[in-house]
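Below, all heavy atoms of this structure are taken into account, side chains as well, without hydrogens, waters or symmetry copies.
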Amino acid sequence: HSVHVCRRADAAAPLAVKVVSLSSKADGGGTMVISAGSASRIAAEVRALRALDGTGGSIPTDDDDDNDVDASRSLFPRFPDFYLAPSSSPVGEWDAHLVSSMCPGALDLRAYLRAARDRGRCGLPEFQARFYLAELAAALHAVHTVARLAHGDVKPSNVVVDAATGHILLVDFDLAKPLPNDRQTIAKPPSPDDDHRQTAIAKRPSPNEDRQTIAKRVVVAGTEAYVSPELAAGAVPDAASDWWAFAVVAYELCHGRVPFEPGDACGASTHRVRFPPPEHGGPSPGVSEDMRGMIVAM
């Protein structure tokens, strides 16, 4: 679980190598087999990055053809290589290596929000937030239509700003899931691979169910403050859940905080989104009517 900076021997461009240890065990014939559970997230990231691998496209403009998918692919890290190698640690351990492009000096949007807070600001200036949100929207559109995936973890720390160009890259696809053909509800038990980004939600029995029924537990992969109500209830991640998280990010970029308290995802859809004025801790100047309308609509 480390990231290293390197360069290929035949190229000058810096690369990032994400190294993830994978547990493995011997099968009946003595062959080492990597368990499906430990490899699921690395496989999700490989699948997503291969589908979205940058091919030298440019940032979309008003003049670009809507069908020119290369134009939006530059909003993702390039993905030159993926390989497995035996680990130097315990016997039977393997390391997965994802080699991708690197943005030297880049900061994520979480760092921008911290810097704004240190300067006494409530979030980013709205014109700056709009710029990042427009590019994030283009990135999500490509994730949904080109890769046919739900990102599953849209949040400021997964949006990186290239220090050289000022444009964004959407990163961290280890929770990406194929888009379902139709909306459905699933529940799965916790697994050893669940990490701190997973939220366990108790599903209460209805009045018609036996009172002795033990509440079922639904494990939701994602970051709590950005999880949509349907995901908190155990639904399959889809494009709509990414757009919910997008709206939470939009609110946070303008206000410096999320609209709902973490842990309140189940009731968030019934709560009113509040836009406090400057005298009550809101941004100054206040958020525009257009931005408020977009956030509430999404």
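Aromatic ring centroids of His167 and Phe131 lie under 6.0 Å apart. The six-membered or imidazole ring of His97 lies away from that of Phe82, with a centre-to-centre distance of 6.0 Å or more. For Trp243 and His144, the ring centers sit closer than 6.0 Å to each other.
None of Leu75, Leu149, Leu179 except one satisfies the side chain to side chain contact (heavy atoms under 4.5 Å, CB included) rule with Val143; the exception is Leu149. For the salt bridge (Lys or Arg N to Asp or Glu O under 4.0 Å) criterion with Glu252, the lone passing option out of Arg114, Arg110, Lys155 is Arg110.
Side-chain contact check for Ser288 versus Asp290: some heavy-atom pair is nearer than 4.5 Å. Two residues are said to be in side-chain contact when any heavy atoms from C-beta on lie closer than 4.5 Å; Pro276 and His255 meet this criterion. Counting heavy atoms from C-beta outward, Leu140 and Leu170 have side chains that approach closer than 4.5 Å. You'll find the side chain of Pro77 reaches within 4.5 Å of the side chain of Leu49, heavy atoms only. Counting heavy atoms from C-beta on, the side chains of Pro259 and Arg274 never come closer than 4.5 Å. Put simply, the side chain of Val17 does not reach to within 4.5 Å of the side chain of Leu98, judged on heavy atoms.
Taking hydrophobic clusters as Ile, Leu, Val, Met, Phe, Trp and Tyr residues chained together by side-chain heavy-atom distances below 4.5 Å, Tyr251 shares a cluster with Val296. Both Leu124 and Leu107 are assigned to one and the same hydrophobic cluster, defined by single-linkage of ILVMFWY side chains at heavy-atom distances under 4.5 Å. In terms of hydrophobic clustering, with Ile, Leu, Val, Met, Phe, Trp and Tyr side chains grouped at heavy-atom distances under 4.5 Å, Leu175 and Val3 are assigned to different clusters. Grouping the Ile, Leu, Val, Met, Phe, Trp and Tyr side chains by contacts below 4.5 angstrom, directly or via other members, places Val46 apart from Tyr83. Phe275 and Met298 fall within the same hydrophobic cluster, defined by Ile, Leu, Val, Met, Phe, Trp and Tyr side-chain heavy atoms under 4.5 Å apart, directly or through other members.
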key: side chain to side chain contact (heavy atoms under 4.5 Å, CB included) between Ile42 and Asp174, worked out   = CA-CA 6 Å; Ile42 201 75; Asp174 63 337; over 6 Å; no
query = Would Val154 and Val249 count as a side chain to side chain contact (heavy atoms under 4.5 Å, CB included) if you check the C-alpha gap in whole Å, the side-chain angles of each, and the deciding distance to 0.1 Å?
reply = CA-CA 8 Å; Val154 178; Val249 171; 4.3 Å; yes
query = Going through the checks in order, is the side chain to side chain contact (heavy atoms under 4.5 Å, CB included) test met by Ser157 and Leu109?
reply = CA-CA 6 Å; Ser157 55; Leu109 290 184; over 6 Å; no
request  = Would you please test Trp244 and Val248 for side chain to side chain contact (heavy atoms under 4.5 Å, CB included) and show each step?
outcome  = CA-CA 6 Å; Trp244 170 283; Val248 174; 3.7 Å; yes
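Of all heavy-atom pairs spanning Ala106 and Asp162, the tightest one is CB-CA, 4.4 Å. Counting all heavy atoms, side chain and backbone alike, Leu113 lies closest to Gly123 at CD2-CA, 4.2 Å. Nearest heavy-atom pair, Ala142 versus Leu52, reported as atom, atom and distance to 0.1 Å: O-CD2, 3.9 Å. For the pair Ala129 and Leu253, the tightest heavy-atom approach, listed with the atom from each and the gap, is CB-CB, 3.9 Å. Taking each heavy atom of Pro80 and Arg8 in turn, the nearest pair found is CB-NH2, 3.5 Å. Residues Met102 and Ala16 share a closest heavy-atom pair of CB-N, 3.9 Å.
The backbone N or O of His141 lies less than 3.5 Å from a partner atom in the side chain of Thr145, making a donor-acceptor pair. The backbone N or O of Arg78 lies less than 3.5 Å from a partner atom in the side chain of Ser101, making a donor-acceptor pair. No donor-acceptor distance shorter than 3.5 angstrom exists from the side chain of Arg7 to the backbone of Leu15, with no hydrogens or angles considered. The backbone N or O of Asp153 sits less than 3.5 Å from a side-chain atom of His151, completing a donor-acceptor pair.
A distance of 12.0 Å separates CD1 in Ile168 from CG in Asp108, rounded to the nearest 0.5 Å. Remark: Ser2 OG to Asp95 CG distance equals 8.0 Å, nearest 0.5 Å. Taken to the nearest 0.5 Å, the CE atom of Met291 stands 12.0 Å off from the CZ atom of Phe127. For the atom pair Phe246 CZ and Tyr226 OH, the distance stands at 13.5 Å (nearest 0.5 Å). Atoms CG and OG, on Asp242 and Ser228 in that order, are 9.0 Å from each other to the nearest 0.5 Å. One finds the CZ atom of Phe173 at 5.0 Å from the CZ atom of Phe76 (value rounded to the nearest 0.5 Å).
A salt bridge does not link Arg41 to Glu45: none of the charged nitrogens lies less than 4.0 Å from a carboxylate oxygen.
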